[in-house]
Amino acid sequence: MKTAVFPGSFDPITTGHAELVRRAVPLFDKIVVAVGVNSQKKYLFPLEQRLAWLNEVFADEPTVEVSSFEGLTAHFCNEIGARYLLRGLRNASDFDYEKTISQLNDIVGEGLETVFLISQPAFSHISSTIVREIIKGGGDATPFLPEGVKV
């Protein structure tokens, strides 16, 4: 079974995240959208809320599961038997960062393969960081959030 993990904080999930997972569904038998929990990081939304949003967004995708984990992503992948990481690339900066991480994950994850999908132009400007700033500033983030995600 070809299982991929799409890790992130999803604080909050964006239309770009959702679109990327939906594009990847035909490539894998199962995709685990996994919320990485870092006790040193301050999140805008609690873990339970982020998991609920992910479950809502992907309720119509039977091969997409939602989970959370602590520690290294590569270790989580090994624990659940995933041999692939799914990552999105919006720009050249993302590529440089993700390339380095993928090379480290290959070593730490004992052959864990990273699959990159390039963001569609309509989503390449969207990031959780920017969406959080819009929310904190009292703006309307609705255009950047998947249906079912209300903040």
Side-chain angles (χ1 to χ4, degrees), residues 3-25 27-28 30-80 82 84-105 108-109 112 114-151:
T3 301
V5 170
F6 182 49
S9 63
F10 304 106
D11 188 32
I13 183 174
T14 68
T15 52
H17 293 130
E19 190 269 344
L20 187 90
V21 170
R22 291 189 194 290
R23 284 176 44 216
V25 163
L27 304 175
F28 301 99
K30 178 169 71 171
I31 297 174
V32 179
V33 180
V35 180
V37 178
N38 180 342
S39 61
Q40 305 301 311
K41 190 172 177 182
K42 187 175 188 298
Y43 299 102
L44 185 59
F45 299 100
L47 175 63
E48 296 74 24
Q49 178 64 72
R50 292 179 281 149
L51 291 170
W53 282 332
L54 290 167
N55 280 307
E56 172 72 21
V57 168
F58 298 114
D60 63 337
E61 295 287 355
T63 62
V64 175
E65 295 179 9
V66 173
S67 188
S68 64
F69 69 96
E70 292 184 35
L72 295 177
T73 303
H75 290 168
F76 174 71
C77 290
N78 286 341
E79 286 171 21
I80 67 166
Y84 303 93
L85 271 175
L86 176 62
R87 300 299 295 160
L89 300 174
R90 293 169 299 177
N91 52 44
S93 297
D94 280 357
F95 175 75
D96 287 339
Y97 173 77
E98 293 291 347
K99 178 183 72 162
T100 301
I101 298 300
S102 74
Q103 291 166 336
L104 294 170
N105 279 329
V108 175
L112 183 62
T114 303
V115 176
F116 297 109
L117 292 183
I118 296 172
S119 176
Q120 295 293 322
F123 302 100
S124 64
H125 61 288
I126 302 170
S127 72
S128 291
T129 302
I130 290 171
V131 173
R132 278 194 306 276
E133 290 306 311
I134 291 169
I135 294 166
K136 287 188 217 173
D140 180 15
T142 306
F144 312 109
L145 301 171
E147 195 172 314
V149 177
K150 307 288 183 239
V151 293

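Under a 3.5 Å cut-off, the side chain of R90 and the backbone N or O of I126 do form a donor-acceptor pair. For T15 (side chain) and L145 (main-chain N/O), no donor-acceptor pair under 3.5 Å exists by modelled atom type. Not a single donor-acceptor pair under 3.5 Å links the side chain of R23 to the backbone N or O of S119.
The CD atom of E19 lies 8.5 Å from the CG atom of L117; values are rounded to the nearest 0.5 Å. Residue I31 holds its CD1 atom at 8.5 Å from CG of L20, rounded to the nearest 0.5 Å. Going from atom CG of L112 over to atom CG of N78 covers 7.0 Å, rounded to the nearest 0.5 Å. From S127, atom OG reaches atom CZ of F144 across 10.0 Å, with rounding to the nearest 0.5 Å. Rounding to the nearest 0.5 Å gives a distance of 5.5 Å between OG of S9 and CZ of R132. Between the CD atom in Q103 and the OG1 atom in T114 there is a gap of 9.5 Å [rounded to 0.5 Å].
Taking both residues in full, the closest heavy atoms of P12 and W53 are given as CB-CZ3, 3.8 Å, listed atom of the first, atom of the second, then distance. In this structure, D94 and G88 approach most closely via the heavy-atom pair OD2-O, 4.3 Å. Scanning both residues, A34 and V5, for their nearest heavy atoms gives CB-CG1, 3.9 Å.
Considering only heavy atoms from C-beta on, V149 stays 4.5 Å or farther from Q49 through its side chain. Looking only at side-chain heavy atoms (C-beta outward), L85 and S102 stay at 4.5 Å or farther from each other. Residues H75 and V108 meet the side-chain proximity criterion, which asks for heavy atoms closer than 4.5 Å. Looking at H17 and F6, their side chains come closer than 4.5 Å, going by heavy atoms from C-beta outward. Within the 4.5 Å cutoff, the side chain of F76 has heavy atoms near those of the S67 side chain. Here the side chains of Y43 and N38 are in contact, with some heavy-atom distance below 4.5 Å. Annotation: side chain of E65 is not in contact with side chain of F58 (no heavy-atom distance under 4.5 Å).
The 12-atom threshold is not exceeded at CD1 of I118, counting heavy atoms of other residues, nucleotides or ligands nearer than 6.0 Å. Shown here is F116, whose CZ atom has more than 12 heavy atoms of other residues, nucleotides or ligands within 6.0 Å.
Legend: residues meeting side-chain contact (heavy atoms from CB on, under 4.5 Å) with T3, ordered by chain and number and at least two apart, are M1, K30, V32, A82. For D11, there are no side chain to side chain donor-acceptor pair (under 3.5 Å) partners at least two apart in sequence or on another chain. Partners of V35 under the side-chain contact (heavy atoms from CB on, under 4.5 Å) rule, at least two apart in sequence or in another chain, are F10, L47, R50, L51, L54, S68.
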Handout entry: Step-by-step side chain to side chain contact (heavy atoms under 4.5 Å, CB included) determination, V21 to E61
Key = CA-CA 10 Å; V21 170; E61 295 287 355; over 6 Å; no

Practice task
Take V151 and F45, measure what side chain to side chain contact (heavy atoms under 4.5 Å, CB included) needs, and give me the verdict at the end.
Solution key: CA-CA 9 Å; V151 293; F45 299 100; 3.6 Å; yes

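Note on K136 versus E133: salt bridge recorded, some NZ/NE/NH1/NH2 to OD/OE distance being below 4.0 Å.
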